[in-house]
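Whatever order the structure lists them in is the order used to number ligands and atoms, beginning at 1. The shown structure was predicted, so the numbers you read here are calculated from the model rather than taken from an experiment. By convention here, the first residue in the shown sequence is residue 1. What's counted below: heavy atoms across the whole structure, side chains too, no hydrogens, waters or symmetry copies.
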Amino acid sequence: MTNAVEAAGLMLAEPGTYTDNDRLHEGLSLLRRESPVHRVEAADYRPFWAVTRHADIMEIERDHERFRNAPRPVLSPRALDERLEQMVAEGRALRTLVHIDGREHRLLRAIGADWFRPSVMRRMESRVRELTRRSVDQMAALGGECDFAAQISMDFPLYVILSLLGMPEDDFGLMRALTQELFGNSDPDKARDLDPASATLVIDDLFAYFGKLAASRRATPTEDIASTIANAQVDGEYLSDQDVLSYFIIVATAGHDTTSGALAGGIQALAEHPEQLRRLKADPSLIPTAVDEIIRWTTPVTSFMRNAAEDCTLRGVQIRAGDALLLSYPSGNRDEDVFADPFTFDVGRTPNKHLSFGFGVHYCLGAALAKMEIAAFLQELLPRLDSLELAGEPALAATNFVGGLKRLPIRYSVTS
Ligand code: HEM
């Protein structure tokens, strides 16, 4: 194994890697070529296997009996892993859909799934359109220059998801701060403090907030997903408080930074590829393929993990029961075996079998909602947009979980 391959593996454990897309993709391309199932033993992290080829990621996600989400669904530093284990022992850890496997996962997922069906999506569409109009009006009011990531794309998906949860607009600011702190725990601009274990304090605050929401929805159910979850039963029993609160937290947080990251990254890609922007403006029927390409191009979730339930081999490499495997979605999404010209941003790309929403039984519950939001935003923006260019250096967040732009200075002309 060359030093360059070793370094490429180690970089996956460094949140800072995800602030530099060139360095990231250079390392991932090397891993795909030289060591597609690669053992990483990084300081401060428990060992894991980095899986970088599209076909292997699909195979692992498909085989959900052998490769399970529990106990370690997300890559985090050893100190945070240990703190989370302690919280599990104390019964106050997050136990969301991504932490659970098998029948229990299927039943819990079914509770929320109804809210993401096409009929409910259609009902949400008018609220989404109202929020997109507000966002593009705000761009116009800002007079032709803004930080799109901080001032526009941060709030729009948050407001959509909090409307779905039925939360009051007065609480949106608090939820924005907590979501940012939860996913941004390794970025100095976002984290409450950079001690990895401090992420658990954010979880305590989220539990406290959602505890009150659950109690109010049990006392007085309303027409929203929070009421459905708070009053749901599995096998004739109400969900535990821990499960209800964890469910609220995953819905509130998973639908926020991910979609904001894709939207801001999409605007950056359009600013940097004016010929693609012209093509899309000239032919809005390309919006659905453009949305998928934006989501492939940006890949806001950098990875999820799976844990081997038994000994097995993957691409000839021996994996032991209990080993953790990191599924590198940005890598799968640039795999030359699957995508023609993977490093070309093409708003008309078909087919586009990207892995940004994962695959299999844990496939993103909010995928249709996220796509609808980005499509609605483009439908509102494009007819009103006369020019678009970068007005400074974009900055990506330092994170090895949910990533994306934290700053995107742009200059534009948008009609009021
Ligand atoms: C562009 C935006 C988004 C991206 C890139 C994204 C990505 C992902 C990924 C990679 C997974 C894990 C899939 C797997 O393990 O195979 C996931 C799961 C999930 N996502 Fe999203 N997501 C996005 C938007 C949303 C939205 C808007 C919601 C709305 C609530 C949402 C809710 C969820 C939930 C609840 C899960 C857990 C599903 C399960 O474990 O069964 N996501 N998402």
_Where Ser356 and Asn333 come nearest, the two heavy atoms and their spacing_ = OG-ND2, 2.9 Å
Taking only heavy atoms of [X], which atoms of ligand 1 are found under 4.0 Å from at least one of them?
{"X": "Glu61", "value": "14 (C), 15 (O), 16 (O)"}
{"X": "Val98", "value": "37 (C), 40 (O)"}
{"X": "Thr259", "value": "2 (C), 24 (C), 27 (C)"}
{"X": "Tyr329", "value": "10 (C), 14 (C), 15 (O), 16 (O)"}

_Minimum-distance protein heavy atom relative to atom 34 (C) of ligand 1_ = Leu365 CB, 3.8 Å
*atom 30 (C) of ligand 1 - nearest protein heavy atom and its distance*: Ile161 CD1, 3.4 Å
Would you mind finding which of [options] brings a heavy atom closest to [atom]?
{"atom": "atom 38 (C) of ligand 1", "options": "Met58, His256, Arg109", "result": "Arg109"}
{"atom": "atom 25 (C) of ligand 1", "options": "Ala254, Ala113, Ala370, Pro73", "result": "Ala254"}
{"atom": "atom 9 (C) of ligand 1", "options": "Tyr247, Phe304, Phe359, Trp115", "result": "Phe304"}
{"atom": "atom 18 (C) of ligand 1", "options": "Gly360, Cys364, Pro300", "result": "Cys364"}

_Let me confirm one number: the CG-CG distance from Leu325 to Leu75, rounded to the nearest 0.5 Å._
12.0 Å
*Should the pair Phe339 and His54 be assigned to parallel (<30°), tilted (30 to 60°) or perpendicular (>60°) ring geometry?*
perpendicular
_His105 to ligand 1, any heavy atom closer than 4.0 Å_ = yes
*Does ligand 1 have an atom under 4.0 Å from some heavy atom of Arg306?*
yes
*Centroid-centroid distance, Phe116 to Phe357, less than 6.0 Å*: no
*His105 ring center near His362 ring center (under 6.0 Å)*: yes
_Please determine whether the number of non-hydrogen atoms from other residues, nucleotides or ligands lying under 6.0 Å from atom CD of Gln233 exceeds 12._
yes
_Pairwise side-chain contact, Asn400 with Glu14, heavy-atom cut-off 4.5 Å (strictly under)_ = no
